[in-house]
Amino acid sequence: MPELPEVETIARNLREGNGSPPIPGQRIVSFSTDWPRHVAHPSLHTFNRRIQNREIVDVKRRGKYLVFPLDHETLLIHLRMSGDLRLAPSQDPKDRFDHTIFSLDNGWDLRFSDARKFGRVSLYEDPEVVLGRLGPEPLAPDFTHDRLANMLHARKRNLKPLLLDQSFLAGLGNIYTDEALHQAGLHPLRRSDSLTKVEVKRLWRSIRESLNMGIRHNGASIDWVFRGGDFQRHFRVYKREGEPCFKCGTQIQRTVVGGRGTHFCPRCQSEDQL
DNA sequence: TAAAATGTTGGGTA
DNA sequence: ATACCCAACATTTT
């Protein structure tokens with residue numbers, strides 16, 4: 001479920017509280033998991049020992065990571081493909097996907113639900129060890145189109161796989177990449193070093209507008225309807241194979257690029273530009 | 001029933 | 001070093 005807008009939505013809800021108490025200020029009184037591989041670092045034993053009695057000071061996001069600065073060390077959670085984080089009263093029954101649970105001192109649980117079990121939690125004294133490998137934040141003020149131009153021109157890669165590379169740019173996933181490329185009118189296989197200044201600026205604006213639109217709609221993910229996220233009703237190409245492009249009416253095509261399903265309009269994002 | 005799925009990583013190849 | 005491709009991870013949904 002999670003790309004940047006979904007992770008941002010989760011972080012905001014946890015931080016502000018949304019039908020549940022805000023997380024900052026709460027203390028973790030116990031930790032349990034029925035899927036030990038959720039714990040990526042340090043060892044399960046060490047993680048369990050060090051997480052006890054830590055106060056959660058804040059909830060932030062970096063790329064697709066949820067970042068919880070604690071009174072000592074920092075907890076990182078990555079939702080991968082199917083993860084979700086939500087607060088529930090401790091006495092509420094767990095559902096079958098609630099694999100990892102942080103019990104808080106206010107009677108609530110922070111529950112990591114994860115059907116496919118790809119998600120990871122970790123604890124670092126210096127989270128930059130992990131977060132420092134990420135590319136820039138696409139919504140940060142210092143992410144200018146000039147900077148994007150320099151980044152693109154320094155590489156010779158197809159646009160779609162490059163935009164999905166988290167060490168290039170942090171936060172885009174398969175949905176928002178397809179959406180941004182369509183809005184920019186760029187073919188997914190276009191080489192990064194061939195973009196003109198005008199095209200870079202269009203891509204830059206499209207990336208930011210797609211992500212902001214996702215955040216405005218509280219995320220896109222299909223399974224998120226119950227949480228109010230409804231961006232999936234606004235997809236321009238993703239999951240719309242065979243349906244008409246809203247801009248020109250041509251049928252949206254689906255191909256595979258870099259092993260990922262890729263949706264685009266063969267007219268608005270013509271192969272002629274390759 | 002087979003195929004695809006919002007992500008990442010590691011291995012092999014060129 | 002750069003770039004590409006595929007398998008793996010584990011399970012649900014279409």
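For the numbers below, each heavy atom of this structure counts, side chains included, while hydrogens, waters and symmetry mates do not. A note on names: the letters A, B, ... follow the listed sequences, proteins ahead of strands, and every chain is numbered from 1.
Only the C1' atoms considered, B/dT6 is 25 Å distant from C/dA3, to the nearest whole Å. Taking atom P in both C/dC9 and B/dT1, one finds a spacing of 23 Å when rounded to whole Å. Rounded to the nearest Å, the gap between the P atom of B/dA3 and that of C/dC6 is 15 Å.
Nucleic acid contact for A/Arg254: sugar-phosphate only, since backbone atoms but no base atoms lie under 4.0 Å from a heavy atom of the residue. Within 4.0 Å of A/Gly259, counting heavy atoms only, lies no atom of the nucleic acid at all. Among the heavy atoms of the strands lying under 4.0 Å from A/Arg96 are primed sugar atoms or P, OP1, OP2 only; no base atom is included. Nucleic acid contact class of A/Arg155 (heavy atoms, under 4.0 Å, all strands): sugar-phosphate only.
Distance, A/Arg191 CZ to C/dC4 C1': 13 Å, rounded to whole Å. Note: NZ (A/Lys117) to P (C/dA8) measures 19 Å, nearest angstrom. One interatomic measurement links the two molecules: CG of A/Leu172 to P of B/dT8, which rounds to 11 Å at whole-angstrom precision. As a whole-Å value, the separation of A/Leu131 CG from B/dT8 P is 13 Å. If you measure from atom CZ of A/Phe112 to atom P of C/dA10, you get 14 Å, rounded to the nearest angstrom. Atom CG in A/Leu76 sits roughly 13 Å away from atom P in B/dT8 (whole-Å rounding). The distance from atom CG of A/Asp193 to atom C1' of C/dT2 is 13 Å, rounded to the nearest whole Å. If you measure from atom CG of A/Leu162 to atom C1' of B/dG7, you get 17 Å, rounded to the nearest angstrom.
Under the 6.0 Å distance and 45° angle rule, A/Arg54 does not count as a cation-pi partner of A/Phe68.
The aromatic ring of A/Phe118 does not sit over the base of C/dA10, since the test of centres under 5.5 Å and planes under 30° is not met.
Ionic pairing of A/Arg86 and A/Asp92 is not present here: no N-O contact between side-chain nitrogen and carboxylate oxygen is shorter than 4.0 angstrom. Classification of A/Asp165 and A/Arg157 as a salt-bridged pair holds, one side-chain N sitting under 4.0 Å from a carboxylate O. Note on A/Asp178 versus A/Arg260: no salt bridge recorded, every NZ/NE/NH1/NH2 to OD/OE distance being 4.0 Å or above.
A/Ser192 places a side-chain N or O within 3.5 Å of a backbone atom of A/Arg155 that can act as its donor or acceptor partner. Formation of a donor-acceptor pair under 3.5 Å by the A/Gln166 side chain with backbone atoms of A/Gly63 is not found in this model.
The listed nucleotides are B/dT8, B/dG7, C/dC9; the one nearest the side chain of A/Gln166 is B/dT8. The side chain of A/Ala115 has C/dT12 as its nearest neighbour among C/dT12, B/dT6, C/dA10. Taking the side chain of A/Arg80 as heavy atoms from C-beta on, and the options B/dG7, C/dT12, C/dA3, the nearest nucleotide is B/dG7.
Checking A/Ser194 against A/Arg190 by side-chain atom types alone, a donor-acceptor pair falls below 3.5 Å.
Summarising the local packing, NZ of A/Lys247 is surrounded by more than 12 heavy atoms from other residues, nucleotides or ligands at distances under 6.0 Å.
Contact between the side-chain N/O atoms of A/His78 and the OP1/OP2 oxygens of B/dT8 is found at a separation under 4.0 Å. Look at A/Lys156 and you won't find any side-chain N or O under 4.0 angstrom from OP1 or OP2 of C/dT2. Between A/Tyr238 and B/dT6, a side-chain N or O to OP1/OP2 separation shorter than 4.0 Å is present. Under 4.0 angstrom from either OP1 or OP2 of C/dC9 there lies no side-chain N or O belonging to A/Arg120. For the OP1/OP2 pair of C/dC4 and a distance below 4.0 Å, the side-chain nitrogens and oxygens of A/Asn158 include at least one atom meeting the criterion.
Both key distances under 3.5 Å define a Watson-Crick or G-U pair, and stretches of 3 or more such consecutive pairs in DNA chain B run B:2-5 with C:11-14, B:7-14 with C:2-9.
The salt bridge (charged side-chain N to carboxylate O under 4.0 Å, His left out) test applied to A/Asp193 returns A/Arg191, not counting sequence neighbours.
The base of B/dA5 sits within donor-acceptor range of the side chain of A/Arg116, with an N or O pair under 3.5 Å.
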